[in-house]
Structures are given as structure tokens and as C-alpha cells.
Peer 1: 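Quick one: the structure is below, and I'll ask about it shortly.
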Amino acid sequence: MTNSPSTALLQTTNLSRRFGGLTAVNNVSLILEPNELHAVIGPNGAGKSTLVNLLSGELLPSSGTITLTGQNVTRVPVHRRVHQGIARSFQRTNVFKEMTVLENVRLAAQAAFAPAGGLFQSSARARDLVDRAHAALKRAGLPWAASHIAGTMSHGAQRQLEIAMTLASEPKVLLLDEPLAGMGQEEADRMAALLKSLATDHALLLIEHDMDFVFKVADHMTVLVEGTVLATGKPADVRNNQAVQHAYLGGHA
Amino acid sequence: MTQAPRLLPETKTGWAALAVGAIALALMPLFASPYHVELGTTALIAALLALSLQLLVGVTGLVSLGHGAFYGLAAYIVYFLSPEGSPQPIWLTLPIAMLVAGLAAALVGLFALRTKGFFFLMVTLAFGQMIFFVFHDTKIGGGTDGAYLAKPIISAFGMTLDLPRRQRPIGTYYVALTQLIITYLALAWLLRTLFGRVLEGIRVNEHRMQALGHNTQRAKLIAFSLAGALAGAAGHMWAMHRGFVNPEIIGWHKSAEALLMILLGGLGALHGPIIGALAYTGLTEVAGLMTERKLLVEGLVILLAVIVLPKGLSGIRLFSLAKPSGNPHDPLGDTDPSQREVKIDND
Ligand SMILES: Nc1ncnc2c1ncn2[C@@H]1O[C@H](COP(=O)(O)OP(=O)(O)OP(=O)(O)O)[C@@H](O)[C@H]1O
Ligand SMILES: [Mg+2]
């Protein structure tokens, strides 16, 4: 809005969402540039997941707008937003536990790409989708897991599967809600490397609690407190921001 | 690598057991009395209806109380097309009955599918009852008394099956059986398609499917319409079997009964509703012979079956592979206890 013409891929303007008396997201304006890793941090209940739900279309805002490559998508339903290039992962692992890993990712690919032979063909024969699924699994570091039943894998592998499912639609924008949540050190390191690699060819909005990690990898960051943007900018600037130090980082800084 | 659909038999043995069941059903009229052949047809039609409902309940996770309405509506369509005195060929009546039932379901689904869970149950109930009252409270289908119709002629591709009067029930039985087998195979195929996988995903977690980019609303509408058309095929069969329609076949209890059959036979198998319907029909018959208090007996047995067999009759495994001596007198193998039941009735 301020310095046009904008190169923004995804942009929110004065975005708000109220739940009854509670304003979970309050007047949030942020910009996500192509190939940028934009981290959103904030304490529990700050409205981070609500923000992701607004961007993905699972929730409608009470006010404000969302644009994707300049087009207003504020009221575009969830499934169509995926077709326009937005994909998300969930804070709590949300995969089809009784299906194979491949089936999980193939369902994701199928949602975004019309299969060559139409919907009424045997799922085993839809080679194009299966190939896409394998490619996404490979990128997410799970090529070995294709035939595993999703629910039987380790927590870390299931988190990776979440990522593979978002990749299968070949999105421009990835919204990842705490992908490192609940991971052990080794799993977290692997995921961190994956996130860095994804940021090279996606716009990545990353919700994360681990401050050290965020300061290391983020190109841009936004601090959210009680639904409101407290500070936004380069990690170094945010780290030195008085308000942030005062209100949020406290002991950390 | 690709996973077999959850509702289909996993092994060749499973498929073989189903084939044996189908053969047993095909041989039944050779041994049974005319009365029992007709009872068999009634059971097969119940199975057709329950199987069509399974597409919603077991496959997509939609519990509807309006399903019986599409069944009844289709039966009335046969009455309109083929009134007493001017019988029409089945190749004409069946597609039209299915089409009308499918379109009605599409229309109802358009509204009902905006709701979920309990509300969906209530909205489908309300729509079903609306269709019921159209035929119950107006004269267009003979009102509450019902009306006789000319049973459609078994004819297709220019050939007509002309049976002597005494054998006609057998002809009807085989039409119903053929229809049941074709419907089962068609649904089994559907489950294997990409579309079938979408329905399965919706049953497990519709919200996740949306987030993946699936238009779940559209998929559910297609399933709901398809299930309605298949219920229509069952209703058509009913009209052909009885030659009579009345509002009773539209009411919500028809849907409830079909749901019970699914529960009894098993939610987790595509053939569950078939077994459930055969068992339920046999059960009602036996209960009717033994006592006046038919409904009570039925209720108790079903309650027991559901508590003792949470996976339904189709979930029973007789360890037949590990211990072949399990039941040497049971020629139908492990999946068909209900057919035993029907056979006992028919002896
Ligand atoms: N569907 C909802 N209905 C009512 N209140 C909600 C809903 N979703 C979120 N909230 C409330 O909105 C606020 C923000 O929640 P949100 O989940 O977005 O926080 P968060 O920053 O993701 O927190 P966390 O770090 O714990 O994941 C919380 O107070 C929460 O209770
Ligand atoms: Mg959250």
C-alpha cells in the first residue's frame, strides 16, 4: 500500500477477525514477497493460527482484505485458494492416518491437478498424480515412506508428510503452522533444513515458537501479540525493537 | 503400493466367499417354495436399498433419513409410467425411475448438504417427509390407499422374457439378483476410482480434504445423487415385485430400516448391507412365525447383534483358515451367516 508498485505475492490489509468479544486478529497488514521466509512469532493465543486460517480461507475475516498477486481473494473458498497457489500445513498433525503415505500425498496432488484420465479412473492408474506424489515425497525427505501407513510413522515423519501434502499442489505460497512443534532435536534439524530449502523457491509464511531458529532463518519477521502486530521488519531490527524487547522477548534478549 | 479400498475384501478368499454367496442366492429358487422365492425377492430389494445407502453412510460418512423417499418416489414413477392395464418394458421404466430419483436427490442434496451431522439427519428427514406427504395427502398416487400398477415387462434389447404366470416371481427374483450383483460390482469399481478415494477422504476428515483443495461439496452432491438414483433402482424393483404402491414405502421408517440393516450387516464392508438386509428380512420372517410381538423380538435381536458384533455380521471371522473344522456343515463360508438364515427360512 505504501510503496507501490508492490511485488507482494500475498498481502493483507487491516485484516481482523473477531470471535464474539475477542479480537483474535486485529488490523493486521503484512506483505509476503516471493521467495521470502516470513516468520510470524508471538505468545500462545496471539492469533497466529487464526491468521493462517484467514489466509487459507478456512475462516472469513470480520474486516480487511487479502490479495494474492494483486487479486482480491478475501472471500474465495478454501479449495479454490489451493488452486490459486496457497497451501497450508496444520499445527496439530492432520494427515489421513489409516491411508498410506503415498495415498495421502496423491489425494493432495489430485485436488490441485485434474488427472489426465478424469476422476472416474482407477486410482492405481493415475500415473501423473502418483508421479507428482512421489516428487513431493522426495522433496519433503520421505521417499522411503511411500508405502507406510501414515499413522504408524514417527511424529517427525508425520510432520514431514504434512509438508509433502502441501507441496503436492505445487503452491506459490506455503503457510506452515509450527512445523517444528513437538519434534526432537534431530527431527527438528532435518525439518529446519527442509524449510530453508523450501524458502528458495516458495514464499513461506512460517509460524514458529523457537526464537533462535527464527532469527537464524527468517528474511522478515512479524511479532504478533494479542492479535496485533507489535513489530515487523528484518530479524535484526525486530530483535532491537524496544517494544518487542519489553513486551515479548523479555528474558530472551 | 496403492491401497485397496477399505470396504472391499482384502483377499481372494474374501472375493471367493462373496461369489459363493451369490451362487447360493442364484440356486435358491430351484429349491425354495414360491412363497419363499417371493420372500427372497423382498430381501434382495431391501439389500438393494441398503447397499445404495451404504454409498452415503459407509463410504462418504453421510447419515441420511431421507433415502427411503427416493426409493418410494421411483416406485411411484413406475406407477405413473406403467399404470394398471398398460405394462411398459423395463428398459423404459428403470432408467426413468432412476433418473427421477437421482434428480430429486440432487435437488434435496443441494440444500441438505449445506448442513452436517445431526442437522443433516433432520433436514433429510424433513425433505423425505415432504415427499411422503405429497403422495399421502394428495390423490395423485391413489392417496393413502395406494394404487395398483402394471408390473413392467422384463424386456431389453428387443428380447422379451415371457414366462408363464406361475414362473413370473422367479423371473422377478433373478432380475433383482442381477441388479444387486451389478450394483455391488459398480460400487466396488467406484471405490477404486479417484472419485471413490475422495469420498473416503471426506468420510475420514472433510475439513482436511477442503484444505487440500478438494471441492467436497460437489463430491458429496454427486454421491448423494448417485445414491438416490440407486435407491430409485431399488424402488423400481419393488414396484415390479409387488405391482402396488402406497405411501408407506416412502416414509422415514424405510430409511431407518435401511440404516438398521447397514448397522446389522456392518458399516465397514460394502457387502455389509447386503448381509444385513438378508438377515433382517429372515429375522422378521422367523419372528413373525414365532410370536405376535414381532417388533419386540426384532428389536432385541438387533440390539444384541450390534452390541455383540460391533462390526456387524460381515465382521465375523470363523477362523476357517486356522481351524478348518470350525463348521464343516456351513457351505457358505465365513461371510454369509445371513444367507444361512434365509436358507433355513426357505427349506
Ligand atoms: N474458532 C474459534 N472460536 C473462538 N475462539 C477462537 C477460535 N479460534 C481461536 N480462538 C481464540 O482466538 C485466540 C487466538 O487463537 P490462535 O489459535 O490463533 O492462537 P495462536 O497464536 O495460534 O496460539 P498457539 O501458539 O497456542 O497456537 C485464542 O484466544 C483462541 O482461544
Ligand atoms: Mg496456533
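Every chain is numbered from 1, with letters handed out A, B, ... down the list of sequences.
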Peer 1: Between B:Q210 and B:T216, is any pair of side-chain heavy atoms under 4.5 Å apart?
Peer 2: yes
Peer 1: For A:A126, is it the side chain, the backbone, both or neither that has a heavy atom under 4.5 Å from a heavy atom of chain B?
Peer 2: side chain
Peer 1: I'd like to know if A:R190 and A:E187 make a salt bridge, using a cut-off of under 4.0 Å between side-chain N and carboxylate O.
Peer 2: no
Peer 1: Who among A:A109, A:A87, A:A108 has the most heavy-atom pairs with chain B under 4.5 Å?
Peer 2: A:A108
Peer 1: A:Q110 versus chain B, heavy atoms under 4.5 Å apart: side chain, backbone, both or neither?
Peer 2: both
Peer 1: If I measure from the heavy atoms of chain B, does A:L129 come under 4.5 Å with its side chain, its backbone, both, or neither?
Peer 2: side chain
Peer 1: Pick whichever of B:V198, B:L190, B:T193, B:V204 has the most heavy-atom pairs under 4.5 Å with chain A.
Peer 2: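 Top option by heavy-atom pairs under 4.5 Å: B:T193.
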Peer 1: Could you look at A:S122 and say if it's the side chain, the backbone, both or neither that has a heavy atom under 4.5 Å from chain B?
Peer 2: both
Peer 1: Is a donor from one side chain sitting under 3.5 angstrom from an acceptor on the other, for A:T93 and A:R159?
Peer 2: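 A:T93 vs A:R159: donor-acceptor pair found between side chains.
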Peer 1: Quick one: what part of A:F120 sits under 4.5 Å from any heavy atom of chain B, side chain, backbone, both or neither?
Peer 2: both
Peer 1: Tell me whether A:E178 is salt-bridged to A:R92, with the criterion being a basic N under 4.0 Å from an acidic carboxylate O.
Peer 2: no
Peer 1: If only side-chain N and O atoms count, and only distance matters, is there a donor-acceptor pair under 3.5 Å linking A:S49 with A:D177?
Peer 2: yes
Peer 1: I'd like to know if B:E206 pairs up with B:K220 as an ion pair, taking the criterion as any Lys NZ or Arg NE/NH1/NH2 lying under 4.0 Å from an Asp or Glu carboxylate oxygen.
Peer 2: yes
Peer 1: In terms of heavy-atom pairs under 4.5 Å with chain B, which of A:I149, A:V78, A:N94 leads?
Peer 2: A:N94
